[in-house]
Amino acid sequence: MNNTIVRQVILMNSDLIHDGAKCAPQRSLLRALGMTDEEMKKPMVGIVSSFNEIVPGHMNIDKIVEAVKLGVAMAGGTPVVFPAIAVCDGIAMGHQGMKYSLVTRDLIADSTECMAIAHAFDALVMVPNCDKNVPGLLMAAARLNIPTIFVSGGPMLAGRVKGCKTSLSSMFEATGSYAAGKITAEELDEYENKVCPTCGSCSGMYTANSMNCLTEVLGMALRGNGTIPAVHSERIRLAKHAGMKIMELYEKNIRPRDIMTEDAFRNALTMDMALGCSTNSMLHLPAIAHECGIELNLDIANDISSHTPNLCHLAPAGRTYMEDLNEAGGIYAVMNEINKLGLLKTDLITCTGKTIAENIAGCINKDPEIIRTVDNPYSTTGGIAVLRGNLAPDSCVVKRSAVAPEMLRHTGPARVFDCEEDAMEAINGGKINDGDVVVIRYEGPKGGPGMREMLNPTSAIMGRGQGGTVALITDGRFSGATRGASIGHVSPEAAVGGPIALIKDGDIIDIDINANTLNVRLTDEELAARRAAWTPREPKITTGYLARYASLVTSGNRGAILEIKK
């Protein structure tokens, strides 16, 4: 990592809109809101609410926001709510709507920046929950750099099917099993009605929960933010405490870039490996770091992974869920366990007003079956691996902790598809053979555009019973619910002429996850000849937001950040 980006300093204070005769016009509008002189004299705290009635992880956020407002008011601030959007990746999965998931991360950051500066808030409480909502608001917090704290809507409780806990990943795999004739329509219906039993972010260590947990690690949220279930009253209490704590951060002038330092991001990568988080964290952490003025080079991920044991196997990697992690002690307990090896920088300030060392002191591991001890890990290396090779010279990513041991090394012929839909047709049609390597390209940030998740193809492969014999690689990305030898973020992507654009059916691909390599058995001369014959494809979308996004977005290995061409 290297601190090379210079970020602008935004100076804001609500005095800009209510102090002195010059602000009489602004005050008249505040009075139109019913705001009193007493309220105007207090710090104005923006509460960014991602409540909506279409995302299960957000349907309870109105309750969280009311609790935050009460906490802010109790501590002497004036709470003012404004909205943030959110897309449900599960609902958007498998159709054109998924093109609009990752791209909302930047919309969320940009719109929050606009609202916060235009209305001169003194501090912010971010209330996100689902996949792009959390990193988008973390990006906004870093960009604005005014006192900010996070409190999420919380994770869903696990479902139960046939007496066993289950989750959304099981639902997608059950759909694949049904398509393969392995389960009945009645069994599929039981999954449909039972896997998602409550509000909240889906119950495994998927992207939403990964990012909410890492928000604790970064120091931007109070203990329990990532793990207290959405339906527990403890989350309402957490929200009240977050509302009170923001006033302390305001008074002490503790800002996001004081908290999210280079060492804090290194801690986040370490805990990412220990927890076995979603591969999407490898997109979001660099993007958040970029807003902090820090270039997060993913080359350090394998170095961190090499000496960080994987202590948790939450769904989809295992059969434990966020509620289990919460009961076992939560993120602070995992941090305390991993820090027995001295792997965390613990003198960093956090949103509690205390250091990490003070926060995690005494946070014990209550269940070594849920949180393995450092001397009995699931593996001695971390849950995520970054691979390189002639097929991905700028890197790609795999959730190693969710790969079957027999698939850590795999060699097979490429089966190449230029979009997700074509791959799904082949998988569901029984046209993928054991040993194949499914290649889905032109689904990257620019080529998609929008870098769709490939949960449908990976779940179809697992549901057909081919998870131990078939690998999948893509310049798109994967849901946190994906398991198996699923390698994403292949960079450079096909749309810009990356080697993945040059692969043909039958080319032999070598995957060695333990060695961190991904190669195709082609000589440099053959690759060069194919590159000379390759021509860029016409953009799939030429109007609207996605077209603008495609013109600015960088590759997956850089976090798919937007960059103005100079």
Side-chain angles (χ1 to χ4, degrees), residues 56 88-95 97-98 101 131 156 158-159 161 164-185 187-196 201-210 276 278-280 313-319 321 397-399 401-404 407 415 417 419-434 436-440 443 451-474 476-488:
C88 176
D89 279 22
I91 295 174
M93 194 70 66
H95 59 89
M98 180 47 71
S101 172
D131 293 24
M156 184 183 290
V161 176
C164 296
K165 286 185 178 181
T166 189
S167 61
L168 184 65
S169 53
S170 302
M171 180 71 253
F172 275 91
E173 290 179 17
T175 304
S177 295
Y178 176 72
K182 293 179 177 290
I183 64 172
T184 66
E187 289 173 305
L188 182 67
D189 185 66
E190 183 178 11
Y191 274 96
E192 179 181 330
N193 282 282
K194 292 183 176 179
V195 297
C196 296
S201 49
C202 296
S203 55
M205 188 56 85
Y206 309 149
T207 305
N209 292 327
S210 294
S278 163
T279 52
N280 281 316
H313 261 198
L314 284 87
R319 295 190 176 274
Y321 298 85
V397 177
V398 63
K399 188 169 183 173
S401 60
V403 178
M407 290 299 290
R415 297 294 307 281
F417 304 94
C419 66
E420 177 187 359
E421 289 82 359
D422 289 351
M424 281 299 296
E425 184 179 348
I427 295 167
N428 287 332
K431 297 177 181 178
I432 301 302
N433 302 313
D434 290 346
D436 284 350
V437 179
V438 176
V439 178
I440 305 178
E443 291 285 9
M451 203 177 188
R452 287 196 286 181
E453 289 184 344
M454 301 292 150
L455 179 57
N456 274 358
T458 58
S459 296
I461 289 168
M462 298 302 294
R464 297 184 71 85
Q466 292 183 300
T469 60
V470 172
L472 190 153
I473 68 172
T474 180
R477 59 193 180 92
F478 296 111
S479 165
T482 285
R483 62 191 178 108
S486 305
I487 299 167

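Keep in mind that what you see is a predicted model, and the values were worked out from it rather than measured. The first residue in the sequence is number 1, and the count goes up from there.
Between Ser486 and Lys399, every side-chain heavy-atom pair lies at or beyond the 4.5 Å cut-off. Within the 4.5 Å cutoff, side-chain heavy atoms of Ile427 are placed close to those of Arg464. Taking 4.5 Å as the limit, some side-chain heavy atom of Val398 sits within range of a side-chain heavy atom of Val403. Residues Cys202 and Asn209 have side chains not in contact (no heavy-atom distance under 4.5 Å, counting atoms from C-beta outward). Between Asp131 and Glu453 there is a side-chain heavy-atom pair separated by less than 4.5 Å. Under the 4.5 Å side-chain criterion, counting only non-hydrogen atoms from C-beta, Ile432 is not in contact with Ile461.
Not a single donor-acceptor pair under 3.5 Å links the side chain of Ser177 to the backbone N or O of Lys182. Using a distance-only test at 3.5 Å, with no hydrogens or angles considered, no donor-acceptor pair links the side chain of Glu190 to the main chain of Val161. Between the Lys165 side chain and the Arg319 main chain, no donor and acceptor come within less than 3.5 Å of each other. Checking side-chain atoms of Asn280 against main-chain N and O of Ser479 turns up no donor-acceptor pair under 3.5 Å. Proximity of a side-chain donor or acceptor of Arg477 to a complementary backbone N or O of Met451 within less than 3.5 Å is detected.
In this structure, Glu420 and Pro457 approach most closely via the heavy-atom pair OE2-CD, 3.5 Å. The nearest pair of heavy atoms linking Ala460 to Asn428 is CB-OD1, 3.9 Å. Nearest heavy-atom pair, Phe478 versus Thr279, reported as atom, atom and distance to 0.1 Å: O-OG1, 4.1 Å. Here the closest heavy-atom approach between residue Met156 and residue Pro56 is recorded as CE-CB, 4.3 Å. When all heavy atoms of Ala423 and Ile440 are compared, the closest pair comes out as CB-CD1, 3.5 Å. Residues Thr474 and Glu443 approach most closely at OG1-CB, 4.4 Å, considering heavy atoms.
Side chains of Ser210 and Ser278: a donor-acceptor N/O pair is absent below 3.5 angstrom, by distance only. Between the side chains of Ser169 and Tyr206, at least one donor-acceptor pair of N or O atoms lies under 3.5 Å. Counted by atom type alone, Asp436 and Gln466 present zero donor-acceptor pairs between their side chains at under 3.5 Å.
Every residue was checked against the salt bridge (Lys or Arg N to Asp or Glu O under 4.0 Å) condition with Glu425, not counting sequence neighbours, and none meets it.
To the nearest 0.5 Å, atoms CE (Met454) and CE (Met93) are separated by 9.5 Å. Note that CG of Leu168 and CD of Glu173 are 10.0 Å apart. Values are rounded to the nearest 0.5 Å. In this structure, the separation between OG on Ser459 and CE on Met171 is 10.0 Å, given to the nearest 0.5 Å. Separating the OG atom in Ser201 from the CG atom in Asp89 is a distance of 12.0 Å, to the nearest 0.5 Å.
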message: What verdict does the side chain to side chain contact (heavy atoms under 4.5 Å, CB included) test give for Thr175 and Leu188, after you've listed the backbone C-alpha separation in whole Å, the side-chain angles of each residue and the deciding distance to 0.1 Å?
response: CA-CA 7 Å; Thr175 304; Leu188 182 67; 4.1 Å; yes
